[in-house]
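Read the structure below first, then the notes.
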Amino acid sequence: MLPPVNEMFDLANARLLATRRHPPIVIYFMLAFLVLVSALLAGFGMAKSTRQSLIHVLGFAAMVSIAAYLILDLEFPRLGLLRVDAFDQAFLELRRSME
């Protein structure tokens, strides 16, 4: 009976360490700042031409938005499209089997 209890404590310790590794709020501000600066630089680059390319404008906006969304979605896996429900279900089944 002792090895499953040790595994439970190891698992709980790993989860605690994983929750403490979230990036600080400064990282999110830097991400927002990077998005704004890259949009500013792209705008200056496109301002030199006489016509704006709609494909480039929409492509740039889409790629920056997708990259920012994926970064945030990976950081908070229970809130976005990339879910960890199966992993949570495994934890719940483990807890039920231990009772």
| Under a single-linkage definition using a 4.5 Å side-chain heavy-atom cutoff for Ile, Leu, Val, Met, Phe, Trp and Tyr, are L72 and F29 assigned to the same hydrophobic cluster? | yes
| message | Tell me whether the count of non-hydrogen atoms from other residues, nucleotides or ligands lying under 6.0 Å of CE in M30 goes above 12. | response | no
| Pairwise distance CG(L36) to CG(L41) - rounded to 0.5 angstrom | 11.0 Å
Pair up each side-chain donor or acceptor in residues 55-71 with any protein partner under 3.5 Å, not counting sequence neighbours, and list the distances.
from : atom 1 : to  : atom 2 : distance (Å)
H56  : ND1    : S53 : OG     : 2.7
S65  : OG     : A61 : O      : 2.7
Y69  : OH     : L81 : N      : 3.3

